2 protein chains.
Amino acid sequence: MNSLQIVEAPVDASCCVPSVKPALSADEAQQRALVFKALADPNRLRLLSIVKAGDSGESCVCDLTEPLDLGQPTVSHHLKVLVEAGLLHREKRGTWAYYSLVPGALEQTAGLLESL
Amino acid sequence: MNSLQIVEAPVDASCCVPSVKPALSADEAQQRALVFKALADPNRLRLLSIVKAGDSGESCVCDLTEPLDLGQPTVSHHLKVLVEAGLLHREKRGTWAYYSLVPGALEQTAGLLESL
DNA sequence: CACCTATATCGATGAATGTCAATCTATGTG
DNA sequence: CACATAGATTGACATTCATCGATATAGGTG
């Protein structure tokens, strides 16, 4: 079944000409899909938006639970997904956990799209 | 002295100043999540990439099945998802179906991110 | 210490999703 | 017409995921 081996020839066009960009490899695609998976949920988009809209640049979980009309564990779960995707930064101060946008992360993700 | 009238402008910041953008509504978030759902799969990212990399600007299903190592129905399914997300355009000519990038769709989606 | 509060983690459950084999549709071609 | 081919659709199955209630952890306060 998976016995066929397509040995990539060492054709090295990588040096001078930008030429044609090759299509995404399976590994690259898998990697990039992770970020979009994190963005593929309306509540997570709202979380990012609320954090971004906050004037202090950061929000704690207690400020995020109410506007989303979700349980606290669910919000905590979504925030974790966003942190693991590299979109949010988490900082714990005292009893509270403050979440803020990772600088440039959204722009970088947007770049992933245009450079497909 | 205090007869001078500092006529306070009828504070209507809604016209000129961008002011603070409100956070995403539930409906807006739901809508935007649809596109990211379509992008949240490595094989669909590869499909977009392959179609984009093709020099003719379009690819037919038969050209997309092999590099992805997926069955034809599965590829057809993914293509449908991408079309419904507004990312791909489908044109049938004879027996073949040709898929091409919707012009500006990727850039517009990237814009969704930066304007969160 | 005991108690409260903010947040994270765990386990369960129902819904959504990716994949395939089988089948259907439509457009060729002899 | 009979047959072949490209592609879409259907139904089933396994996996992933969003959500919740219950519980754990950890910092603050008396």
Side-chain angles (χ1 to χ4, degrees), chain A residues 1-2 24 26-27 29-48 50-51 54 56 58-85 87-100, chain B residues 24 26-27 29-48 50-51 54 56 58-85 87-100:
Chain A
M1 199 92 76
N2 43 14
L24 233 49
D27 286 348
Q30 179 109 30
Q31 194 64 31
R32 298 194 188 190
L34 291 181
V35 194
F36 294 116
K37 269 191 222 288
L39 294 166
D41 180 275
N43 286 317
R44 286 200 287 268
L45 287 181
R46 295 189 76 192
L47 282 174
L48 289 175
I50 293 173
V51 170
S56 72
E58 54 184 18
S59 315
C60 69
V61 181
C62 56
D63 292 336
L64 299 169
T65 305
E66 183 234 323
L68 257 65
D69 197 34
L70 287 178
Q72 173 266 318
T74 304
V75 173
S76 227
H77 161 69
H78 284 313
L79 289 169
K80 186 178 184 181
V81 172
L82 290 169
V83 167
E84 283 170 348
L87 296 170
L88 282 188
H89 171 250
R90 175 183 184 269
E91 184 187 350
K92 185 143 191 198
R93 286 202 305 271
T95 317
W96 290 272
Y98 292 91
Y99 288 87
S100 56
Chain B
L24 231 52
D27 286 348
Q30 179 107 31
Q31 194 64 32
R32 298 194 188 190
L34 291 181
V35 194
F36 294 115
K37 269 191 220 290
L39 294 167
D41 179 275
N43 287 317
R44 286 199 288 268
L45 287 181
R46 296 190 76 193
L47 283 174
L48 289 174
I50 293 173
V51 169
S56 72
E58 54 183 17
S59 316
C60 69
V61 181
C62 55
D63 292 335
L64 298 169
T65 305
E66 183 233 326
L68 257 63
D69 198 33
L70 286 178
Q72 173 264 319
T74 304
V75 173
S76 227
H77 161 69
H78 284 313
L79 289 169
K80 186 178 184 181
V81 172
L82 290 169
V83 168
E84 283 171 349
L87 296 170
L88 282 188
H89 171 251
R90 175 181 185 269
E91 184 187 350
K92 185 144 191 198
R93 286 204 303 271
T95 316
W96 291 272
Y98 293 91
Y99 288 87
S100 55

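First the proteins, then the strands, lettered A, B, ... as listed; each starts at 1. What you see is a predicted model, and the numbers here were worked out from it, not measured in a lab. Below, each value reflects all heavy atoms present in this structure, side chains not excepted, and no hydrogens, waters or symmetry copies.
In terms of phosphate contacts, B/Lys80 brings a side-chain nitrogen or oxygen within less than 4.0 Å of OP1 or OP2 of D/dT9. OP1 or OP2 of D/dA18 sits under 4.0 Å from a side-chain N or O of A/His77. Regarding contacts with the backbone of C/dT19, a side-chain N or O of B/His78 is found under 4.0 angstrom from either OP1 or OP2. At C/dT27, none of the side-chain N or O atoms of B/Arg93 fall inside 4.0 Å of OP1 or OP2 (strictly under the cut-off). For C/dA8, the OP1/OP2 oxygens have a side-chain nitrogen or oxygen of A/Tyr99 closer than 4.0 Å.
Look at CG on B/Leu70: it is 11 Å from P on C/dA21, rounded to the nearest Å. The CZ-P distance, from A/Arg44 to D/dT19, rounds to 8 Å in whole Å. We find that CG of A/Asp41 is positioned 13 Å from P of C/dA16, with the value rounded to whole Å. Residue B/Arg90 contributes atom CZ, which lies 7 Å from atom P of D/dT9 at whole-angstrom precision. Rounding to whole angstrom units, CG of residue B/Leu68 and C1' of C/dC20 are separated by 15 Å.
Between B/Leu39 and B/Leu87, the closest side-chain pair of non-hydrogen atoms falls below 4.5 Å. Put simply, the side chain of A/Asp41 does not reach to within 4.5 Å of the side chain of A/Val81, judged on heavy atoms. Between A/Leu64 and A/His78 there is no side-chain heavy-atom pair separated by less than 4.5 Å.
Side chain of A/Arg44 to backbone of A/Lys37: a donor-acceptor contact under 3.5 angstrom is found.
Between A/Thr74 and B/Ala40, the residue anchored closer to the 5' end of DNA chain C is A/Thr74, taking for each the nucleotide with the nearest heavy atom.
Closest contact between the side chain of B/Thr95 and the listed nucleotides C/dG28, C/dT9, D/dC20 involves C/dG28.
The base of D/dA6 does not come close enough to the side chain of B/Gln72 for any donor and acceptor atom to sit less than 3.5 Å apart.
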